[in-house]
Asks: 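Can you read through this structure? Questions will come right after.
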Amino acid sequence: MTTVDENTAEDNTAEAGPQRLIGGPGMLLVWFYGVMVVGAVSRSVYQISTEFDRAPLAYSLSAVAGVVYGFITYSLVRGGERARRAAQACCAAELVGVLIVGTLTVIDGSAFPDATVWSYYGAGYVFIPVLLPLSALYWLRKNRADAVTR
């Protein structure tokens with residue numbers, strides 16, 4: 001059974017809109033993901049339009065990475081529980097992609113004729129592609145834990 005104070009708090013939360021995910025460290029995540037969107041998308045657009053036949057898989061993976069980064073950025077800015085869960089799923093998929101592509105490039109450097117955003121665990125991007133989803137997953141999980149305790 002809920003009390004009048006709890007009902008009022010629930011109504012105020014509903015009126016305030018979705019819980020923001022970009023407070024504090026979340027804003028830094030949005031900034032990093034925004035930079036990665038620009039880097040991955042611009043790189044893949046250039047490579048796909050000029051030399052796609054050289055390494056179609058690598059360039060397509062870079063384009064997919066850019067789209068994933070964009071969706072995560074949008075979800076973080078949008079806020080709310082659905083957006084948090086969507087961002088969490090995308091970050092987990094991103095991490096799996098980075099780990100698979102990174103491992104393939106370490107084991108067999110010729111697996112990709114040209115580098116992707118995720119090659120060598122994102123070494124071309126100062127390892128941000130492997131660190132970013134780990135940081136985001138931690139932040140999103142912590143953000144959920146904070147919301148539950150409120």
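Position 1 is the first residue of the sequence, and the numbers go up from there. Side chains included, hydrogens not; waters and symmetry mates left out as well; all remaining heavy atoms used.
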Asks: To the nearest 0.5 Å, how far apart are CZ in Arg84 and CD in Glu81?
Replies: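 The CZ atom of Arg84 sits 4.0 Å away from the CD atom of Glu81.
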Asks: Test side chain to side chain contact (heavy atoms under 4.5 Å, CB included) on Glu51 and Asp114 and set out the steps.
Replies: CA-CA 10 Å; Glu51 47 198 28; Asp114 203 356; 4.2 Å; yes
Asks: When rounded to the nearest 0.5 angstrom, what distance separates CD in Gln47 from OG in Ser42?
Replies: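 Between atom CD of Gln47 and atom OG of Ser42 there are 9.5 Å.
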Asks: Who passes side chain to side chain donor-acceptor pair (under 3.5 Å) against Ser119, sequence neighbours left out?
Replies: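 Scan of Ser119 (side chain to side chain donor-acceptor pair (under 3.5 Å), adjacent residues dropped) gives Thr116.
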Asks: Quick check on the hydrophobic clustering: are Val68 and Phe32 connected, directly or via other members, by side-chain heavy-atom contacts under 4.5 Å?
Replies: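 Looking at the clustering, Phe32 is in the same group as Val68.
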Asks: Return the CG to CH2 distance between Leu61 and Trp118, rounded to the nearest 0.5 Å.
Replies: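 CH2 of Trp118 is found 6.5 Å from CG of Leu61.
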Asks: Pair Leu95, Leu99 - check side chain to side chain contact (heavy atoms under 4.5 Å, CB included), show working.
Replies: CA-CA 6 Å; Leu95 182 60; Leu99 294 175; 4.0 Å; yes
Asks: Please give me the minimum heavy-atom distance between Ala63 and Ile48, naming the atom from each residue.
Replies: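 Minimum heavy-atom contact is CB-CD1, 4.1 Å.
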Asks: Does the Ser44 side chain pair with the main chain of Val41, one donor and one acceptor, at a distance under 3.5 Å?
Replies: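 Between the backbone of Val41 and the side chain of Ser44 there is a qualifying donor-acceptor contact (under 3.5 Å).
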Asks: Ignoring hydrogens, what is the shortest heavy-atom contact between Ser75 and Ala83? Give both atom names and the distance.
Replies: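 Minimum heavy-atom separation between Ser75 and Ala83: O-CB, 3.4 Å.
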Asks: Go through the steps for Met36 and Thr73 under the test side chain to side chain contact (heavy atoms under 4.5 Å, CB included), then give the verdict.
Replies: CA-CA 10 Å; Met36 292 304 290; Thr73 304; over 6 Å; no
Asks: Can you see which heavy atom on Trp139 is nearest to which on Gly26, and at what distance?
Replies: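 Minimum heavy-atom contact is NE1-CA, 3.6 Å.
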Asks: List the atom of Ile72, the atom of Cys90, and the distance in Å for their closest heavy-atom pair.
Replies: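 The answer is CG1-CB, 3.6 Å.
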Asks: Say whether Val96 and Leu134 are linked into one hydrophobic cluster, either directly or through other cluster members, by side-chain heavy-atom distances under 4.5 angstrom.
Replies: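 Result: yes, single cluster for both.
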Asks: Where do Ser135 and Leu29 come nearest, in terms of heavy atoms and distance?
Replies: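 Smallest heavy-atom distance, with atoms named: CB-CD2, 4.1 Å.
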Asks: Membership question, hydrophobic clusters at under 4.5 Å side-chain separation (ILVMFWY): are Leu131 and Ile100 in the same one?
Replies: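 Shared cluster, yes.
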Asks: I'd like to know whether Arg43 forms a side chain to side chain contact (heavy atoms under 4.5 Å, CB included) with Tyr125, so could you lay out the CA-CA distance, the side-chain angles of the two residues, the decisive distance to 0.1 Å, and finally the verdict.
Replies: CA-CA 12 Å; Arg43 174 184 180 159; Tyr125 288 82; 3.2 Å; yes
Asks: When rounded to the nearest 0.5 angstrom, what distance separates SG in Cys91 from CG in Leu76?
Replies: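 Going from the SG atom of Cys91 to the CG atom of Leu76 covers 6.5 Å.
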Asks: Tell me whether Val67 is reachable from Val77 by hopping between hydrophobic residues (I, L, V, M, F, W, Y) whose side-chain heavy atoms are closer than 4.5 Å.
Replies: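 No; Val67 is not reachable from Val77 via cluster members.
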Asks: Nearest 0.5 Å, please: how far is OH in Tyr59 from CG in Asp53?
Replies: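 Answer for the CG-OH pair, Asp53 versus Tyr59, is 8.5 Å.
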Asks: Are Phe71 and Val64 co-members of a hydrophobic cluster defined by side-chain heavy atoms under 4.5 Å apart?
Replies: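 No: no chain of side-chain contacts under 4.5 Å links Val64 to Phe71.
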Asks: For residues Thr105 and Gly102, report the shortest heavy-atom separation together with the two atoms involved.
Replies: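 Minimum heavy-atom contact is OG1-O, 2.8 Å.
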Asks: Between the side chain of Tyr121 and the main-chain N/O of Pro129, is any donor-acceptor distance below 3.5 Å?
Replies: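 Looks like no, no N/O pair under 3.5 Å.
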Asks: Once the angle between the rings of Tyr33 and Tyr69 is folded into 0 to 90°, is it parallel (under 30°), tilted (30 to 60°) or perpendicular (over 60°)?
Replies: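 Rings of Tyr33 and Tyr69: tilted, as their planes differ by 30° to 60°.
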